[in-house]
Amino acid sequence: MTVTALLFASYAEALGAPSVELALAPGAKVSDAIARLRAMPGGGMLPERPVVAVNLAYARLDAVLGAGDELAVIPPVAGG
Amino acid sequence: MTVTALLFASYAEALGAPSVELALAPGAKVSDAIARLRAMPGGGMLPERPVVAVNLAYARLDAVLGAGDELAVIPPVAGG
Amino acid sequence: MRTAIVSRAIDPAALLREVESHGSGASILFVGTVRDVNDGRPVEGLEYKAYDAMAERELAAIAAEAAARFGTERIVVEHRTGRLALGETSVAIAVSHAHRGAAYEASRCIIEELKRRLPVWKREEYADGTREWVDPARARAEAGR
Amino acid sequence: MRTAIVSRAIDPAALLREVESHGSGASILFVGTVRDVNDGRPVEGLEYKAYDAMAERELAAIAAEAAARFGTERIVVEHRTGRLALGETSVAIAVSHAHRGAAYEASRCIIEELKRRLPVWKREEYADGTREWVDPARARAEAGR
């Protein structure tokens, strides 16, 4: 299945792209997607346990992903 | 000596005047002036121990008054 | 820092502009307006009366105390007197500070002190034609608060 | 209640007018502006970037939570994105409530939640030409706070 990973701010700069399509096995968890991203060039600067959102809502790293999900890896926020 | 007593809001209405000149003995205290005001027609609605100011600053009831002092009898404030 | 007892309309946005600066990260504007109901009675309008000379002094002292305690000179406060219609602004407090926590605390401190000690009185006018000087402590007691 | 992530200038006074009503006794307007110095470094400008779709959702949720918790629907929040110059407004929060205590608490709650969870990032541009995504937690740790 395919999951879209969105990257922002310093994470987007590290991986050189604002989004990455990931081909994952059915039943893959958020943590599997993160491991895949960290293995990519520049991905080493992502934390092992980053803050994430799935389909626009904050999610846990053990959440199971579905085909077509939008996974966002959220760097430290700095609004206000 | 003469002291000017200022009255506000409900106190001014009770005594029917915004200010009263009081002739007091030298060494008179604020509490003596209050007793004088309470003995006037309508003065009975003043509290025995009202909040007062002397010369624009909050003062104690045992403060000694001087000639020409401005004594203000302060009803419950309601600013804001 | 500027404080005033004014008999004309207050422009809260102007107070906010007055305290803002490039060095300030957070600004808080507090605006008090005439409510249409107070303690369950419909209010049609009201009048604020101040002991002007003392109120000017107390308001300046309140702002100066907050400035010293919270570490900002960027404080502007205006309190209005005279007759006010529903929805009109009776008081506005603008505070700017590099840090939002201190800005909130300074703003709150100023309104609480102002309500405690500013020699200002309020006469409410009710829909039934009566009017009455408001005693906040008594109103709270009667409301069982 | 209204919340928005906007890419144009914020007019804080307009937000204040939007929440004021005859039934409201107290209104609080919080305004965050771009500071000229952050953690000791001179800032020349900055850029806010949001995960727009999620930020819209989170901001609406934050306002709805504050509305339920503090008992007022009169809440308007705007957060700006894009490039901002010094002194420009990055966020404005307007809250009206019959009682000032609740107005202050709702306002404070909204800015704290927003800073904790709104998916927005800030890149500061410094006088020396460098620029950097800000990590508030790291900045606090380095400042020994």
Side-chain angles (χ1 to χ4, degrees), chain C residues 11-17 19-40 42-46 74 84-112 114-115 122 140 143 145, chain D residues 11-17 19-40 42-46 74 84-112 114-115 122 140 143 145:
Chain C
D11 178 357
L15 270 66
L16 184 63
R17 285 193 299 273
V19 298
E20 283 180 333
S21 77
H22 288 180
S24 296
S27 300
I28 313 278
L29 176 63
F30 173 90
V31 181
T33 50
V34 178
R35 291 173 59 189
D36 54 6
V37 174
N38 196 5
D39 293 307
V43 174
E44 296 226 315
L46 54 71
R74 302 202 160 271
L84 275 73
L86 289 189
E88 284 200 292
T89 296
S90 55
V91 61
I93 301 168
V95 177
S96 266
H97 198 289
H99 301 289
R100 68 186 179 284
Y104 276 106
E105 285 169 30
S107 175
R108 185 78 197 265
C109 170
I110 290 166
I111 185 64
E112 299 304 330
L114 183 158
K115 286 190 171 265
K122 175 164 69 170
R140 275 194 301 276
R145 282 174 291 177
Chain D
D11 178 357
L15 271 66
L16 185 64
R17 285 193 298 274
V19 298
E20 284 179 333
S21 77
H22 288 179
S24 296
S27 300
I28 312 278
L29 176 63
F30 173 89
V31 180
T33 51
V34 178
R35 291 172 60 190
D36 53 5
V37 175
N38 197 6
D39 293 308
V43 175
E44 295 225 316
L46 54 74
R74 303 202 159 269
L84 276 74
L86 288 189
E88 284 199 293
T89 296
S90 55
V91 61
I93 301 168
V95 177
S96 265
H97 198 289
H99 301 289
R100 68 186 180 282
Y104 275 105
E105 285 170 30
S107 174
R108 186 78 197 265
C109 170
I110 290 166
I111 185 65
E112 299 304 331
L114 183 158
K115 285 189 172 265
K122 174 165 71 170
R140 274 194 301 276
R145 281 175 291 176

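Chain identifiers are assigned alphabetically (A, B, ...) following the order of the sequence lines, protein sequences preceding nucleic acid strands; residue numbering begins at 1 within each chain. Atoms considered below: every heavy atom in the structure, side chains included; atoms not considered: hydrogens, waters and symmetry mates. Predicted, not measured: the structure shown is a model, and the values here were computed from it.
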Minimum heavy-atom distance between [X] and [Y], given as atom pair plus value:
| X | Y | result |
| --- | --- | --- |
| C:Leu15 | C:Ile93 | CD2-N, 4.5 Å |
| D:His99 | D:Ala26 | C-CB, 4.4 Å |
| C:Ala106 | C:Val95 | CB-CG1, 4.0 Å |

Which of C:Gly101, C:Gly32, C:Gly87, C:Ser27 touches chain D most, by non-hydrogen pairs under 4.5 Å =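 Most heavy-atom pairs under 4.5 Å with chain D: C:Ser27.
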When heavy-atom pairs shorter than 4.5 Å are enumerated against chain D, which of C:Arg108, C:Glu112, C:Glu20 gives the highest number?
->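 Most pairs with chain D among the choices: C:Arg108.
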Measure [X] against the heavy atoms of chain C and call it side chain, backbone, both or neither at under 4.5 Å.
| X | result |
| --- | --- |
| D:Leu16 | side chain |
| D:Val91 | neither |
| D:Ser107 | both |

Side chain to side chain contact (heavy atoms under 4.5 Å, CB included) assessment of C:Ile111 paired with D:Tyr104 = CA-CA 11 Å; C:Ile111 185 64; D:Tyr104 275 105; 3.6 Å; yes
Taking the side chain as every heavy atom from C-beta outward, state whether D:Val34 and D:Lys122 have any atom pair closer than 4.5 Å.
->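 A side-chain contact is absent here, since even the closest heavy-atom pair is not under 4.5 Å.
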Among all residues two or more places apart in sequence or in another chain, which pass the salt bridge (Lys or Arg N to Asp or Glu O under 4.0 Å) test with C:Arg74?
->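 With sequence neighbours excluded, C:Arg74 shows a salt bridge (Lys or Arg N to Asp or Glu O under 4.0 Å) to no residue whatsoever.
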Is it the backbone or the side chain of C:Ala98 that comes under 4.5 Å from a heavy atom of chain D, or both, or neither?
->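 Both backbone and side chain of C:Ala98 come within 4.5 Å of chain D.
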Answer with side chain, backbone, both or neither: which region of C:Val43 has an atom nearer than 4.5 Å to a non-hydrogen atom of chain D?
->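 No part of C:Val43 comes within 4.5 Å of chain D.
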